[in-house]
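Quick caveat, the model's predicted, so the values are computed rather than measured. Just the heavy atoms: all of them, side chains too, but no hydrogens, waters or symmetry mates, feed the values below.
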Amino acid sequence: QVHLVESGGGSVQAGGSLRLSCVASGITGTSAYMAWFRQAPGKEREGIAAIYFGGDSPTYADSVKGRFTISQDEAKSTLYLQMTSLKPEDTAMYYCARTGEGRWYMSTPLKRTEYIHWGQGTQVTVSS
């Protein structure tokens, strides 16, 4: 069973940086996408960054493009999200997600319904 555990959240001032980590266990294959989603109170969960695990060419939502960077360490089965120039509107619960195996290509890698494995989330709070 795939298990995802996020860490690295916290409280920062606007303009600051944080790096989130997501450790995956129970993985049986390598052909899957992984992504970061976030959900602010009263809002829908939105995909902000995705990548084919073991590959490149990440996808970003416009709201984070140029500020956030998704990366991975295959040997550690870990996904990262480096967040810079944080804004108060980035405040949300951040979730790591993974698709099922056999997903070699996705036309909509930020679509929530494409992902079947989810972590418990880590809170990010940005103050002005």
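- Residue V5 belongs to no hydrophobic cluster, having no ILVMFWY side-chain heavy atom closer than 4.5 Å to its own.
- Contacts classified as side chain to side chain donor-acceptor pair (under 3.5 Å) and involving residues 72-87 (residues at least two apart or in different chains) are not found.
- Residues I27 and E101 are in side-chain contact: their nearest non-hydrogen atoms beyond the backbone lie under 4.5 Å apart.
- Residues Y94 and V12 share a hydrophobic cluster, clusters being chains of Ile/Leu/Val/Met/Phe/Trp/Tyr side chains in contact below 4.5 Å.
- For the atom pair CG of L79 and OH of Y33, the computed distance is 13.5 Å after rounding to the nearest 0.5 Å.
- Sorted by first then second residue, the side chain to side chain donor-acceptor pair (under 3.5 Å) pairs that include residues 10-21, not counting sequence neighbours, number zero.
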Under the criterion side-chain contact (heavy atoms from CB on, under 4.5 Å), I'd like the reasoning laid out for M83 against D90: C-alpha separation, chi angles, the key distance, then a yes or no.
CA-CA 10 Å; M83 305 185 294; D90 294 318; over 6 Å; no
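- Put simply, CH2 on W36 and CG on L20 are 4.5 Å apart, with the number rounded to the nearest 0.5 Å.
- When all heavy atoms of A61 and G47 are compared, the closest pair comes out as CB-O, 3.6 Å.
- With sequence neighbours excluded, no residue forms a salt bridge (charged side-chain N to carboxylate O under 4.0 Å, His left out) with E89.
- Residues that satisfy the ring-ring contact (aromatic ring centres under 6.0 Å, His included) test with F37, not counting sequence neighbours, are Y115, W118.
- The heavy-atom pair separating A32 from G100 by the smallest distance is CB-O, 3.7 Å.
- From T59, atom OG1 reaches atom CD1 of I51 across 8.5 Å, with rounding to the nearest 0.5 Å.
- A50 approaches P109 most closely through the heavy-atom pair CB-O, 3.4 Å.
- In this view, F68 satisfies the ring-ring contact (aromatic ring centres under 6.0 Å, His included) rule with no residue, not counting sequence neighbours.
- In this structure, Y95 OH and L4 CG are separated by 13.0 Å, a value rounded to the nearest 0.5 Å.
- Of all heavy-atom pairs spanning P88 and S127, the tightest one is CG-C, 4.5 Å.
- For the disulfide (SG to SG under 2.5 Å) condition, the pairs that include at least one residue of residues 15-126, sequence neighbours left out, are C22-C96.
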Working for side-chain contact (heavy atoms from CB on, under 4.5 Å), residues I48 and L81:
CA-CA 10 Å; I48 57 173; L81 185 69; 3.9 Å; yes
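- No donor-acceptor pair closer than 3.5 Å links the side chain of T122 to the backbone N or O of E6.
- The disulfide (SG to SG under 2.5 Å) analysis of residues 97-127, with sequence neighbours excluded, yields no pairs.
- Sorted pairs that involve residues 1-24 and meet ring pair (Phe, Tyr, Trp, His ring centres under 6.0 Å), not counting sequence neighbours, are lacking altogether.
- S31 places a side-chain N or O within donor-acceptor distance of the main-chain N or O of G102, the cut-off being under 3.5 Å.
- Here M93 contributes atom CE and R38 contributes atom CZ; the two are 14.0 Å apart, rounded to the nearest 0.5 Å.
- By the ring-ring contact (aromatic ring centres under 6.0 Å, His included) test, Y60 is found to be paired with no residue, residues two or more places apart in sequence or in another chain being considered.
- Under the 4.5 Å side-chain heavy-atom criterion for grouping Ile, Leu, Val, Met, Phe, Trp and Tyr, V64 is connected to M34 within one hydrophobic cluster.
- Applying the salt bridge (Lys or Arg N to Asp or Glu O under 4.0 Å) definition to pairs two or more places apart or across chains, none involves residues 21-36.
- Between W104 and Y52, the closest side-chain pair of non-hydrogen atoms falls below 4.5 Å.
- Screening residues 106-128 for salt bridge (Lys or Arg N to Asp or Glu O under 4.0 Å) gives R103-E114 as the qualifying pairs, with residues at least two apart or on separate chains.
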